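Comments concern the structure below.
Model, not experiment: these values are computed from the prediction. Residue numbering restarts at 1 for every chain, and letters A, B, ... go by the order of the sequence lines.
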There are 2 protein chains.
Amino acid sequence: MGKYAVGIDFGTLSCRAVVLDLETGAEAGSAEYVYPHGVMERRLPCGTVLGKDFALQDPRDYVEGLSESVKSAVSASGASASDIIGMGVDFTSSTVLALKKDGAPLCFDEKYKSRPHAYAKLWKHHGAAREADMFLKTAKERGERFLGYYGGGISPEWMLPKMLETFINDRDAYDETDVFAEGGDYITRLLTGEKNAGKAGVGFKSFYNDEDGYPSKEYFSAVYPGFGDTVLEKLPRVIKLPGEAAGYMNKEGSALTGLREGTPVASFVLDAHAALPASGAAGPGKMLLIMGTSTVQVISCEKNKLIPGISGIVKDGIVPGLYSIETGQSSTGDLYDWFTKNCVSGEYVSEAESRGISLHSLLTEKCSRLSPGASGILALDWWNGNRSVLQRAEMSGLMIGMTLTTAPEEMYRAALEATAFGSRIIFENLENGGVQASEIIASGGIPLKNPFLVQMYSDVFKRPISVSPVKQPGAFGSALYGAVAGGYFPSITEASDKLGARPVKTYYPNAENSKIYDLLFDEYVKLHDYFGRGGSEVMRRLREISADCAKGEK
Amino acid sequence: MGKYAVGIDFGTLSCRAVVLDLETGAEAGSAEYVYPHGVMERRLPCGTVLGKDFALQDPRDYVEGLSESVKSAVSASGASASDIIGMGVDFTSSTVLALKKDGAPLCFDEKYKSRPHAYAKLWKHHGAAREADMFLKTAKERGERFLGYYGGGISPEWMLPKMLETFINDRDAYDETDVFAEGGDYITRLLTGEKNAGKAGVGFKSFYNDEDGYPSKEYFSAVYPGFGDTVLEKLPRVIKLPGEAAGYMNKEGSALTGLREGTPVASFVLDAHAALPASGAAGPGKMLLIMGTSTVQVISCEKNKLIPGISGIVKDGIVPGLYSIETGQSSTGDLYDWFTKNCVSGEYVSEAESRGISLHSLLTEKCSRLSPGASGILALDWWNGNRSVLQRAEMSGLMIGMTLTTAPEEMYRAALEATAFGSRIIFENLENGGVQASEIIASGGIPLKNPFLVQMYSDVFKRPISVSPVKQPGAFGSALYGAVAGGYFPSITEASDKLGARPVKTYYPNAENSKIYDLLFDEYVKLHDYFGRGGSEVMRRLREISADCAKGEK
């Protein structure tokens with residue numbers, strides 16, 4: 001019999017497990033579990049109404065999903081538990097769980113079941129925007145060195161703002177929390193009983209770096225009175241590198257998953273990062289664009305580069321020995337979806353129906369017939385804010401150039417182009433910061449399904465772009481980390497080189513198109529800087545007016 | 001038997017005739033005739049391909065429409081020809097016809113039937129954009145006084161740019177033309193045999209004013225070599241005031257319409273202007289908002305006011321003795337339509353269908369439930385360019401503030417608000433120029449059908465707005481001019497006071513809403529000035545790129 005590793009990927013709406021055949025690199029079995037509670041944005045199951053920007057999850061879904069999907073995947077693979085030499089876990093991040101001393105989520109307590117801050121705050125929970133501003137302001141005032149590791153910005157999606165939000169709004173819950181854990185660290189603890197943290201979580205989301213550790217008590221106290229007194233006690237202290245075992249499957253973990261006791265469980269990695277080894281891109285200089293609802297760009301390099309506008313740089317964050325840089329765009333597939341749902345005509349709806357194709361396919365087909373630049377429309381892709389390089393969550397969408405003859409496919413195309421231009425800004429910002437990509441690989445369902453889009457990205461970047469064939473990059477990559485933890489490979493780099501998928505196709509830029517995209521990109525950059533860098537504060541003002549009016553509505 | 005007057009209104013897609021009972025003010029009969037050739041934008045009937053911004057019409061449609069609709073309306077009214085004491089004509093403007101010596105349109109000639117410039121150039125024909133720029137540039141360089149009468153701008157929709165377009169592109173056609181006539185002047189000539197022009201046409205569209213007449217030969221030659229040599233011979237010289245008879249029905253006119261020979265035919269007035277007496281608003285200080293596919297604002301005042309950004313000011317243009325000012329927004333109903341056609345979801349299409357209501361009704365219903373400001377979205381209403389106060393046809397649409405939760409009704413509402421904000425800018429510009437409106441009346445189908453919209457306008461303006469009940473303001477008003485020409489009323493003011501319709505309803509501003517709209521208006525003004533007054537030239541650039549790419553497509 002062969003050897004296998006299990007990888008499990010906790011996404012926004014479901015988790016997916018795969019069993020990887022370590023000799024062939026083939027997926028021997030897989031399973032998906034959709035979270036019954038999904039994303040709770042309006043109410044808790046008990047009826048408690050949530051704040052406007054809330055996005056919570058019920059950790060029961062993670063536990064059930066872990067058990068169900070791993071068992072199903074293993075069963076589907078035909079592998080026996082004794083041939084499974086390791087398991088790896090990736091998770092959306094920063095998804096924050098308040099855990100009690102015994103490791104159980106606070107919301108499992110009867111006392112806390114109707115209290116929002118006791119639930120898992122999903123990565124896209126935006127209730128801590130004010131708190132993020134407070135962290136940033138104080139860090140700037142004090143000249144905190146850690147800020148340089150995060151491109152000069154702090155996202156409300158990260159661990160510390162979410163913790164402070166709990167501290168301010170539900171002090172009991174905060175006080176009763178033993179550790180605020182990343183979802184992935186909760187899972188490895190559930191499987192192994194070990195209380196530790198994967199390096200990427202603390203590095204990318206909790207202000208931790210090798211030089212200085214966490215920021216000081218004084219800083220946290222300056223952010224909010226009293227916050228510094230206990231915050232450092234509630235952050236994980238034992239940190240594990242990617243591919244290192246967080247621990248070994250204990251009895252409870254074995255019961256949950258059906259895997260044998262003692263199976264090594266790799267420390268948690270961020271969901272997007274697992275795609276890097278999965279696509280054979282663990283080496284330095286390979287830039288991976290992981291395109292899904294949003295886009296994450298990840299690249300490894302050999303030196304520490306504190307570049308403005310990046311989401312973070314972390315030593316050993318993805319590959320031990322290398323620095324990993326993450327940047328991102330807050331909406332990509334989500335944005336395209338929005339257009340198919342809100343910017344179509346009755347005629348197109350009928351046409352798609354009668355031809356039995358999706359609106360995405362119809363719009364892509366129609367917009368692929370247009371020449372670049374012909375529509376005269378340009379968009380800023382900030383429907384879900386701007387992560388890189390502006391780091392301004394309060395940014396919003398903009399579209400300009402519409403006329404009375406503008407058709408839906410022209411707007412749809414402008415949305416595709418806007419995400420490509422946004423990616424190019426990120427790409428050029430890295431280059432200006434001294435990080436060169438020797439290779440660009442697009443990963444995720446979108447580039448696999450949409451050759452037109454990848455060609456456009458290549459034209460906009462004026463660089464070849466390869467497409468990774470991996471359909472479940474998170475689970476696949478996690479399994480590779482599991483294989484490293486289980487000793488099958490000496491390093492994740494080797495695992496990536498051996499089993500990482502080779503690109504299925506490479507797209508080369510069309511010079512004619514690139515010339516026109518250069519013109520449009522110039523205009524994009526001007527709008528980007530005007531609305532994003534202080535020329536106009538209208539986006540922020542509109543959000544403020546909207547927030548005030550929403551209050552008035554209640 | 002009573003006395004009657006006939007009014008005929010030549011619109012963009014059809015003409016409508018009414019027979020007005022002069023004792024009761026009631027509409028005794030009416031009829032509409034839809035132009036079989038509609039607006040020719042792609043090809044002539046013979047197959048000749050048209051330029052990108054062309055909008056031509058076949059004058060045969062006017063002749064047929066004149067005959068059919070007047071005959072039908074009179075027949076429906078039961079009035080006998082001997083009781084019809086006058087007829088009035090309004091027409092879209094500047095709709096330009098090249099007429100030969102005998103008064104026939106050039107395109108009726110076999111030789112010219114495949115030549116675009118021999119056809120009627122509809123008001124919205126935009127083929128003369130470059131020519132308009134040339135007129136403007138030269139007028140500024142030479143400090144031409146006439147420019148002040150047009151707010152400092154020149155529209156490609158006007159007579160002279162369209163003439164120069166013909167001069168440059170089809171010299172034969174230009175040379176063979178005896179007079180370039182407004183569509184309305186063509187109609188009165190057809191009915192009476194008289195070659196003259198209504199004051200409003202030459203005043204608002206042909207650079208004519210009482211002080212200086214037309215601009216000089218030298219100016220025209222400076223605009224384009226050789227153009228000054230003959231242009232003044234091809235412009236009308238005999239000018240008639242509104243309500244004055246252009247002439248009396250001759251044999252041919254009588255045969256066409258069934259009206260008796262000798263019936264006085266009032267000189268042509270502009271279509272939108274006829275709405276003023278129709279709504280009882282001929283007196284000074286009454287501002288009429290005529291809201292249709294686009295919006296025209298008209299107000300009369302007692303003194304000459306050369307205000308930047310107005311479309312024109314003309315003495316005796318609408319009411320002899322008063323100065324009339326026109327301003328405009330290039331899209332209103334057209335813009336709302338665009339949203340129902342391009343910014344909906346499949347779900348809404350189904351909902352509207354299953355409820356048997358229009359998408360307009362559905363979107364209005366949904367957006368009327370939102371609080372002002374709550375969506376966080378703002379738009380610039382320039383999908384068809386900006387007429388007042390920027391006078392920049394190359395402006396385009398802008399929408400800002402969208403998020404992934406933005407719904408179609410929020411965008412639709414932003415479009416409604418944008419047209420209201422655009423109107424307020426025009427309104428305040430007039431006030432700053434010393435023209436105060438004592439009363440604001442909204443006219444046209446839109447305000448009658450959409451109380452929510454009029455309330456919004458009132459909230460945005462912070463002024464009461466009355467709604468005129470007149471359903472055919474053009475034809476109604478034309479009939480009043482016909483009655484004046486026929487001697488039934490001594491003046492159009494008296495006709496307006498006696499028979500002009502009283503408002504059906506007055507909307508008063510809601511102070512709470514006004515407060516929020518003031519905040520949004522501040523942001524609108526900032527965007528308006530940034531994109532419209534040179535802060536960013538991105539709209540122009542996008543049009544240029546689009547034009548270049550469209551060329552490349554061929």
Considering only heavy atoms and a distance below 4.5 Å, find which of [options] pairs most often with chain B.
options: Ala379(A), Ser375(A), Gly373(A); result: Gly373(A)
options: Leu542(A), Leu404(A), Thr340(A), Asp337(A); result: Leu404(A)
options: Glu512(A), Glu523(A), Lys341(A); result: Glu523(A)
options: Gly397(A), Gly346(A), Gly376(A); result: Gly397(A)

Rounded to the nearest 0.5 Å, how far does [atom2] of [Y] lie from [atom1] of [X]?
X: Leu519(B); Y: Glu544(A); atom1: CG; atom2: CD; value: 10.5 Å
X: Ile377(B); Y: Ile545(A); atom1: CD1; atom2: CD1; value: 13.0 Å
X: Arg541(B); Y: Ile400(A); atom1: CZ; atom2: CD1; value: 13.0 Å
X: Met539(B); Y: Thr403(A); atom1: CE; atom2: OG1; value: 12.0 Å
X: Cys343(A); Y: Phe339(B); atom1: SG; atom2: CZ; value: 8.0 Å

| query | With sequence neighbours excluded, what pairs up with Glu537(A) under the side-chain contact (heavy atoms from CB on, under 4.5 Å) test? | reply |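 Residues passing side-chain contact (heavy atoms from CB on, under 4.5 Å) with Glu537(A): Arg392(A), Arg540(A).
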| said: Applying a heavy-atom distance below 4.5 Å, give me the residues of residues 349-361 of chain A that approach chain B, sorted by number. | reply: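 Under the 4.5 Å heavy-atom cut-off, Val349(A) qualify.
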| request: Mark yes or no for whether Trp338(A), through its side chain, and Thr406(B), through its backbone, hold a donor-acceptor pair below 3.5 Å. | output: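 Looks like yes, one N/O pair under 3.5 Å.
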| Does Ala374(A) offer a backbone N or O that forms a donor-acceptor pair with the side chain of Ser546(B) under 3.5 Å? |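 The answer is yes, because a donor-acceptor pair under 3.5 Å joins these two groups.
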| task | Please work out whether the ring planes of Tyr530(B) and Phe531(A) are parallel, tilted or perpendicular, with thresholds of 30° and 60°. | result |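 If you compare the ring of Tyr530(B) with that of Phe531(A), the planes turn out perpendicular.
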| Atom of Cys549(B), atom of Pro372(A) and distance for their closest heavy-atom approach |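 Looking at all heavy atoms of both residues, the closest pair is SG-O, 3.1 Å.
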| field | Residue, of Ser396(B), Ser331(B), Ser536(B), Ala407(B), that accumulates the most heavy atom pairs under 4.5 Å with chain A | value |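 Most pairs with chain A among the choices: Ser396(B).
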| request: Flag the one option from Met395(B), Met411(B), Glu347(B) with the top tally of heavy-atom pairs under 4.5 Å to chain A. | output: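 Option with the top pair count is Met411(B).
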| Taking C-beta and beyond as the side chain, do Val538(B) and Lys526(A) meet within less than 4.5 Å on heavy atoms? |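 No. Closest side-chain heavy atoms not under 4.5 Å.
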| request: Answer with side chain, backbone, both or neither: which region of Ile516(A) has an atom nearer than 4.5 Å to a non-hydrogen atom of chain B? | output: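 Only the side chain of Ile516(A) comes within 4.5 Å of chain B.
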